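The next block holds one structure in the form of C-alpha cells; read it before the comments.
A note on names: the letters A, B, ... follow the listed sequences, proteins ahead of strands, and every chain is numbered from 1. Values in this document were obtained by computation on a predicted structure and should not be read as measured data. When reading the values below, keep in mind they use all heavy atoms of this one structure, side chains included, and skip hydrogens, waters and symmetry mates.
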Amino acid sequence: MSEKVMIFSEVKNFTQDLIDWQKKLGRHDLPWQKNRTAYRVWLSEIMLQQTQVSTVLNRYDEFLKIFPTVERLGAATVDEVLAQWSGMGYYTRARNLHRCAQSVMTDHDGVFPSDPKVLESLPGIGRSTAAAVAVFAYGKRAAILDGNVKRVLARIWGFDQDLTKTLHTNQLWSHAENLLPHKKSDLIAYTQGLMDFGATHCTQYQPACIDPQKGSCPFKKSCVAYLSERINQIPLKVKKVKVEKIDMTWWVMIHQDQVLLEKRPEKGIWAGLWCFPESQELVKEPSQAMPAFKHVLTHRQMTIKPIKVHLKKRVRLQENQQWFSLNDVGGLGLPKPMSLFLKSLDLVRDGE
DNA sequence: AACACGGGGGG
DNA sequence: CCCCCAGTGTT
C-alpha cells in the first residue's frame with residue numbers, strides 16, 4: 001500500500017462533485033473570470049494573494065485601466081506601480097509585479113510562460129500562483145494549494161498534521177495533484193471550484209456544514225473533520241510561541257548577610273514570588289555591575305543584569321520590600337533564576 | 001487583540 | 001530544511 005493511500009482515504013467522486021458544485025453554485029462573474037488572458041489572471045492572483053475578493057473588486061479594473069498590458073506595466077516606473085497599489089498592503093507584491101512584468105518583456109518575448117515551472121521562476125510567483133495562471137490562462141493540468149484549498153482538503157480527508165511543517169504541506173501538495181481531473185476541459189471549473197468552495201462554504205469559521213446560512217455542503221457525508229467534529233481543529237497549524245527578548249535589571253542590595261527582596265505583583269511573570277527590585281532611584285551608594293546571565297522561559301528569553309550595592313544601613317524603599325538573611329531566603333517563594341543566583345551569592349560569601 | 005494570508009530571503 | 005517578515009482585513 002502506498003503512502004498516499006494510507007494518509008488519504010478514498011473520498012468518492014470528490015473531483016466530479018466539486019466540478020458539479022462549481023457549475024451550479026460557484027462564482028462566475030468575477031472580473032478576472034472573463035477574458036482570461038495570462039496578464040489578467042496573473043494580476044488577479046497576485047492581488048488576491050493577501051487581499052480579500054471584496055477589496056480586489058474595487059481595485060482590479062482601475063489597475064488594468066492604468067496598466068492595460070504587461071508591456072505598459074513593465075514600462076512604468078516602480079513608483080507609479082506602488083502608487084496604484086497603495087492601500088492594499090504587502091508592497092513587495094507591487095515591486096515584484098513590476099519586476100515580473102519586465103522579466104516577461106525581456107526574457108519571454110512579452111508573453112507569459114505557460115509552463116508552471118517556468119512561471120514559478122518569475123518574481124512574486126510561487127507554486128500555487130504559477131499553477132493558477134497555467135490552469136486559467138493556458139488550460140494546463142496543475143494543482144493549486146492556497147490557504148483555502150489546504151483547509152478544504154485537510155478537512156474533508158481529516159488531515160490533522162501540523163501544516164507549518166514542510167513535510168505535511170508537501171503531502172497535501174501530492175494529494176492535490178492526485179485529485180486533479182483527467183479531462184482538461186474540467187480543469188478550470190475544478191480549480192475555480194476549489195477556490196470558491198473554500199472561500200464561500202468551507203470557511204475557517206462557521207463553515208456551511210454548521211451554518212446553514214452559507215448553504216449546504218455537498219461533502220458532509222464524507223468529510224472526516226465534520227464527521228469527527230474536528231472542524232475547528234483542522235487544518236492544524238501549530239503556532240510557535242514568539243520568544244520575546246527582555247533585559248531585566250536586578251538591584252542586589254546587600255547589608256551584612258542580608259539582601260533586600262521585593263514581592264512581585266500578583267499579575268505577570270513570577271506573580272507573588274520574591275525577586276530583587278528591578279529599579280531603584282534613592283540609594284546613591286557605589287554600585288557594581290555583576291556578570292549578566294540568560295534565563296529562558298517558553299515565551300521569553302531574559303537577560304538578567306544584576307547590579308550589586310553594599311549598603312551601610314538597611315533601607316526599605318517600598319511596602320512590598322523586605323530584608324532577608326541569606327540563610328532564610330531558602331524558605332521563600334523564589335523564581336528559578338533567583339534561587340540559582342542566591343546560591344552563587346552564598347558561594348561568593350563563603351569564599352570571602 | 002489575535003489571527004489569516006503567499007512569497008521571498010537569510011541562516 | 002526552518003524562521004521571519006510584511007500590512008490589511010476579519011473574527
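Across all strands shown, B/dA2 forms a Watson-Crick or G-U wobble pair with C/dT10, both key distances being under 3.5 Å.
Judged by distance alone, the side chain of A/Gln233 and the main-chain N or O of A/Arg230 form no donor-acceptor pair under 3.5 Å. For A/Arg141 (side chain) and A/Leu180 (main-chain N/O), a donor-acceptor pair under 3.5 Å exists by modelled atom type. Listed for the A/Glu262 side chain is no donor-acceptor partner under 3.5 Å among the backbone atoms of A/Gln321. In this structure, the side chain of A/Thr203 does not engage the main chain of A/Ala199 through any donor-acceptor pair within 3.5 Å.
Residue whose closest nucleotide on DNA chain C sits further toward the 5' end, between A/Asn170 and A/Tyr91: A/Asn170. Comparing A/Gln52 and A/Lys165 by the nucleotide of DNA chain C that holds the closest heavy atom to each, the one mapping nearer the 5' end is A/Lys165.
A salt bridge links A/Arg264 to A/Glu278: one of the charged nitrogens lies within less than 4.0 Å of a carboxylate oxygen.
Rounded to a whole Å, the CE atom of A/Met47 is 14 Å from the P atom of C/dT8.
Under the side-chain contact (heavy atoms from CB on, under 4.5 Å) criterion, A/Ala225 pairs with A/Arg155, A/Cys223, A/Ile231, A/Ile234, sequence neighbours left out.
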Exercise for review: Scan nucleotides 4-11 of chain B nucleotide by nucleotide, 5' to 3', and note B when protein non-hydrogen atoms come under 4.0 Å of the base, S if they reach only the sugar-phosphate, - if neither.
Suggested key: SBBSS---
